[in-house]
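Values in this document were obtained by computation on a predicted structure and should not be read as measured data. What's counted below: heavy atoms across the whole structure, side chains too, no hydrogens, waters or symmetry copies. The chains referred to below are lettered A, B, ... by the order of the sequence lines, with proteins before strands, and numbering in each begins at 1.
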Amino acid sequence: MPSGSAASGRQWATLSADMAESADSDSDETLMLRYRDGDAGAFDLLYARHRAGLFRFISHQCRQAERAQEIFQEVWMKVIGARDRYYPDENAQFRTWLYTIARNAVMDYFRGQAKGELQLFENDDEESVVVQLPAPRTELPEVRAASREQGEAILRALEALPAPQREAFLMYEEGGLSIEEIAKAAGITFEAAKSRLRYAVAKLREGLREYA
Amino acid sequence: MTDPRKDDHLDEDLKALSAAYRAASDAVPGALGPPAALDDAIRAAARRAVKAGPHPVARTWFSRSSTPLAAAAVLVLTVSIGFLSLDDPKVQVKSKLDDLGMAQPSSQRDQAKLSAPPAEPAQPVESKPKAGAQARIEEALPSAPPPSPPPKPASQRTERAKLEAAPGVVAQSPVSPPPALYVPAPPAPAAPAAAPAPAAPPSYEPPPAALTHSPAAAPAPAVAPAPIAAATPPSPSAQPSDALGRKRADTATGIRGLAAEDPQARSEKPTAATRTANRPDYEAVIVQSQPAKPAASTVPAAPAEPKRERPAPASIPQSVGEARAAKQKEQPAVAKQFAADPPSGGLAARDPAEASGAVAISGSRVRVEEARAKKDAVSMDAAKRQSEAERAGADKVAAEKFAEKTARAAAESDTALTAEDWIKRILELRKQGKTQEAADELRKFRKRYPDYSLPPELRDAK
């Protein structure tokens, strides 16, 4: 006869599997509405879907682990607090809403810690952005020490990107947002979002070629 | 068609980069997500938030009581407006007017629309639908008289309708003076006086002087009816009394209607006498606005008739000069009367049209005017009587002028028609040997017809 803890573990695994199946069928918006209506399990599913991507989005932007965790927690607390006001819209999906909150939190961080990068967001001229680029963090000793493998080259290239381009790439890669959703979350036009993404891709490819 | 927003090269680059990025991200320690403690803290916060339920909305006293307050305010406002509407005489008059208009038999209205009755029926209330029917009647008849005088101001109409709707007001025939201007008076003295009213010549009868006298009290001016009939286009029913009765029923345009018929009289500047003559109408409106109050008792109506210093019909001057002389005699008397007992509050000095507008402004204003009118009722009555006499004299003068004018025009028209006969007459005079008379006639003829081509025998007379 199995022990109680093992039985409860199997039972939890079964429930988790059921929840995972239902989570696959439910959209983010449905889960958020269920959580708004009092279903705490819906929030767990929603959190499980977006926790890693959102955390990477934040940590790649602010570059400080502790600060990234604070921002991450702040974002989810805002989601919890705004659950009563959440209303799904065709033009505003949950992911867009979530990454808009995260972006605003990161911008607040830039405002207090990295005003140089904030100016990059304010100045949307890509050519001037290139001119005003700070020294790539890949040239820093600690970063160079961290990049021991070839796969990490892209991360260094990502960190070397201007903040607006990095944000656009992370939204696309981690959040799974389309160019239109990126534009909506960042509050820019579609062409601007596409341009940022194109610049980011070009520079990342160049970085990969360098470290290949 | 391809989507202009789709960029194949960008998509391919992104796919290639995505794989490399995923591999690199997974290899980095700590890149999989936040620490477990942070996950637990966030989930616990989410559960606490769900257990706490929806956010308690801090409702202030105002937010709690805003709905009942709004409902109470709307209720109070509605009731206030309702009371104000009941208190407003204009609204009352309108409602009464509507009631009367609705109460009018539909068959009568239809008859008025479809056919022109030989005689206008007695209709004490001249409501708007009635005015429309009257207009249709006049349009339907080719020989209809010119349009009636311009409509009265709305305030006068409503006041009159209110007075007509007052209890105790007897409907009068169109020939008789308008019932609206009559206060329910003691019937005994008024009854015999009302008898000769229809027999009096309706033309140039002065407008009814409010409530101070009965219709019979108005003296019939000694004006020859023939010129007046010629001046006034006949009604379709060939009853000039109907048309004139309508005029008489129009209280506000009594004097103005007469002035409209006589351009000379219209061009005359309104004198103090005419203003004084119009004042009783205004005061009557004021006093009549409270039919329940014994306003008639303050103003002597029919019993005061013998006191009136009006010239008897027999003593009416037969010429314009005599009428003017009589008018000049009466004017000092009126001035003396006003000097001895001046009306207070400037009511008498006010223009009648302005005063009528003041009545229509608000009920409170009307009440003030009523109080003022009651206060001065006795003194104003004497002034009214004087003004009636004055007005009668002015009317007679105007009538005489018009008669003269009409006679002159008739004579001129006769002369114009007999131009050729005039030539024949001149020729006959010459044949008879009356050369001097013929020359005089020819001179007159040339003066009158300078461009007339004379026959050859008369051209020699030059």
How many angstroms lie between [atom1] in [X] and [atom2] in [Y], if you round to the nearest 0.5 Å?
X      : Y     : atom1 : atom2 : value
A:I154 : B:S18 : CD1   : OG    : 8.5 Å
A:K203 : B:L17 : NZ    : CG    : 13.5 Å
B:R47  : A:D44 : CZ    : CG    : 4.0 Å
A:F72  : B:I42 : CZ    : CD1   : 4.5 Å
B:D39  : A:R51 : CG    : CZ    : 4.0 Å
A:E173 : B:L14 : CD    : CG    : 7.5 Å

Of the non-hydrogen atoms in A:R83 and B:A49, which two are nearest, and what is the gap between them?
NH2-O, 2.8 Å
Does any backbone or side-chain atom of A:L170 lie under 4.5 Å from a heavy atom of chain B? Answer side chain, backbone, both or neither.
side chain
Measure distances from A:L197 to the heavy atoms of chain B and classify the residue's part below 4.5 Å as side chain, backbone, both or neither.
both
What residues, two or more places apart in sequence or in another chain, satisfy ring pair (Phe, Tyr, Trp, His ring centres under 6.0 Å) together with A:F169?
B:Y21
Could you tell me whether the side chain of B:R43 and the main chain of A:Y47 form a donor-acceptor pair under 3.5 Å?
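It does not hold such a pair.
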If you count heavy-atom pairs within less than 4.5 Å of chain B, which of A:D37, A:V201, A:L204 leads?
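Greatest number of close heavy-atom pairs with chain B: A:V201.
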Show which side-chain atoms of residues 70-84 of chain B pair as donor or acceptor with protein atoms under 3.5 Å away, not counting sequence neighbours.
from, atom 1, to, atom 2, distance (Å)
B:T78, OG1, B:V74, O, 2.7
B:S80, OG, B:V76, O, 2.7

